[in-house]
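Scope of the values below: all heavy atoms of this structure, side chains included, with no hydrogens, waters or symmetry mates. Note that ligands are numbered from 1 as they come in the structure, with each ligand's atoms numbered from 1 the same way.
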Amino acid sequence: MRDRPYTLLSCSVSIDGYIGSAESRLLLSNDADFDRVDAVRASCDAILIGAATVRSDNPRLLVHSQARRDERAARGLAPSPMKVTVTGRAELDARADFFTTGEAEKLVYCASPRIREARARLGQVATVVDGGDNVEMRRLSTDLAARGVDRLMVEGGGTVHTQFLTADLVDELQLVVAPVFVGDSHAPRFVRDGFFPWNPARRATLAAVRQIGDVVLLRYALSARFEDE
Ligand SMILES: NC(=O)c1ccc[n+]([C@@H]2O[C@H](COP(=O)([O-])OP(=O)(O)OC[C@H]3O[C@@H](n4cnc5c(N)ncnc54)[C@H](OP(=O)(O)O)[C@@H]3O)[C@@H](O)[C@H]2O)c1
């Protein structure tokens with residue numbers, strides 16, 4: 001078992017680098033790519049998203065394909081991976097689909113100042129973990145490994161991407177570019193400001209490019225642990 005999970009960050013962006021619109025959820029995938037993402041989900045032990053994405057998108061984060069669910073069950077796993085979120089304010093609704101769907105465990109890493117509120121609100125539907133004064137992604141990753149997570153999929157949003165990338169915790173980036181523009185600086189971007197380990201002096205390694213209908217998948221190897229397909 002590794003000391004932190006193999007971490008795969010999966011994201012769809014518009015041509016101009018946005019991951020959503022300012023007002024509503026924006027679907028940037030197509031059916032074939034959605035099925036590809038489903039296969040990636042099925043290959044992971046846990047999926048992590050930020051609390052803002054839980055609130056805005058209300059995602060279920062389940063493996064959709066019955067064949068993949070059966071294949072996981074045959075390996076003695078829950079049909080879908082564990083779900084993980086992170087929050088500072090603990091303003092999450094226990095009735096959100098994140099919590100009410102799927103058999104696997106749900107984990108909420110909450111910053112210490114609001115841990116009591118988080119346990120009161122979510123203790124019935126999730127395991128609430130005290131993440132420290134400010135939840136730090138390296139510590140979270142180590143804790144997930146200790147809970148048996150060997151392969152982690154990070155599925156957004158931008159705040160979470162930024163922290164995993166700037167902390168150099170991502171082994172593989174799967175970036176899908178959809179053929180649309182958003183053109184609104186109030187909309188969320190793939191990442192926020194930060195110091196990223198990859199820059200003009202240290203370029204990331206492009207491992208593969210694949211056209212999937214009208215979108216393109218770019219796979220980047222961001223660490224020496226990168227696992228080629
Ligand atoms: N295109 C895609 O592939 C994709 C995927 C996912 C999401 N999205 C879009 O992304 C947007 C949301 O992105 P976002 O950047 O605004 O939010 P986000 O990354 O989903 O969540 C941010 C929230 O997570 C919590 N959080 C993050 N880091 C934390 C830390 N270190 N300690 C404690 N809490 C922490 C905070 O929650 P509290 O506010 O509860 O304290 C923070 O407000 C939505 O529009 C969604 O549709 C797109």
Mark up the atoms of ligand 1 that fall under 4.0 Å of a heavy atom belonging to [X], in ascending order.
X: Arg89; result: 38 (P), 39 (O), 40 (O), 41 (O)
X: Gly156; result: 6 (C), 20 (O)
X: Val160; result: 19 (O)
X: Met137; result: 28 (N), 31 (N)

Applying a strict 4.0 Å limit to heavy atoms, is [X] in contact with ligand 1?
X: His161; answer: no
X: Ile49; answer: no
X: Gly50; answer: yes
X: Glu91; answer: no
X: Cys11; answer: yes
X: Arg25; answer: no
X: Arg114; answer: no

If you measure from [atom] to every heavy atom of [options], which option wins on shortest distance?
atom: atom 45 (O) of ligand 1; options: Gly88, Ala187, Pro188; answer: Pro188
atom: atom 17 (O) of ligand 1; options: Ala52, Ser29, Ala22; answer: Ala52
atom: atom 44 (C) of ligand 1; options: Ser56, Gly157, Ala51; answer: Ser56

Worksheet item: Which atom names give the shortest non-hydrogen contact between Val54 and Ala96, and what distance separates them?
Response: CG1-CB, 4.2 Å
If you count the non-hydrogen atoms of other residues, nucleotides and ligands that lie under 6.0 Å from [atom1] in [X], is the total more than 12?
X: Asp31; atom1: CG; value: no
X: Asp193; atom1: CG; value: no
X: Arg202; atom1: CZ; value: yes

Donor-acceptor under 3.5 Å ([X] side chain, [Y] main chain):
X: Asn58; Y: Asp97; value: yes
X: Arg139; Y: Gly131; value: yes
X: Thr85; Y: Ile49; value: yes
X: Arg121; Y: Ala90; value: yes
X: Ser12; Y: Ser29; value: no
X: Asp171; Y: Arg225; value: no

Closest protein heavy atom to [atom], given as residue, atom name and distance to 0.1 Å:
atom: atom 12 (C) of ligand 1; value: Thr53 OG1, 3.5 Å
atom: atom 27 (C) of ligand 1; value: Gln163 NE2, 3.6 Å
atom: atom 46 (C) of ligand 1; value: Asp57 OD2, 3.4 Å
atom: atom 39 (O) of ligand 1; value: Arg55 NH2, 2.8 Å
atom: atom 6 (C) of ligand 1; value: Glu155 O, 2.9 Å
atom: atom 35 (C) of ligand 1; value: Val86 CG2, 3.7 Å

Could [X] and [Y] be called an ion pair, given the rule that one side-chain N must be under 4.0 Å from one carboxylate O?
X: Asp33; Y: Arg36; value: yes
X: Asp143; Y: Arg147; value: yes
X: Glu91; Y: Arg55; value: no
X: Arg138; Y: Asp168; value: no

For ligand 1 and [X], I'd like to know whether there is a polar contact (N/O to N/O, distance under 3.5 Å).
X: Ile19; result: yes
X: Glu136; result: no
X: Ser10; result: no
X: Arg192; result: yes
X: Thr87; result: yes
X: Gly20; result: no

Atom pairs and distances, donor-acceptor, side-chain atoms in residues 72-82, under 3.5 Å, two or more places apart:
unit_1 : atom_1 : unit_2 : atom_2 : d
Arg72  : NE     : Ala78  : O      : 2.8
Arg72  : NE     : Pro79  : O      : 3.1
Arg72  : NH1    : Ala42  : O      : 2.9
Arg72  : NH1    : Cys44  : O      : 2.9
Arg72  : NH2    : Ala78  : O      : 3.1
Arg75  : NE     : Glu71  : OE2    : 3.0
Ser80  : OG     : Val63  : N      : 2.8
Ser80  : OG     : Arg69  : NH1    : 3.4

Discussion item. Any protein heavy-atom neighbour for atom 2 (C) of ligand 1 (distance below 4.0 angstrom)?
Written reply: yes
Worksheet item: Can you check side chain to side chain contact (heavy atoms under 4.5 Å, CB included) on Asp184 and Glu23, steps first, answer last?
Response: CA-CA 11 Å; Asp184 176 0; Glu23 309 82 31; 4.2 Å; yes
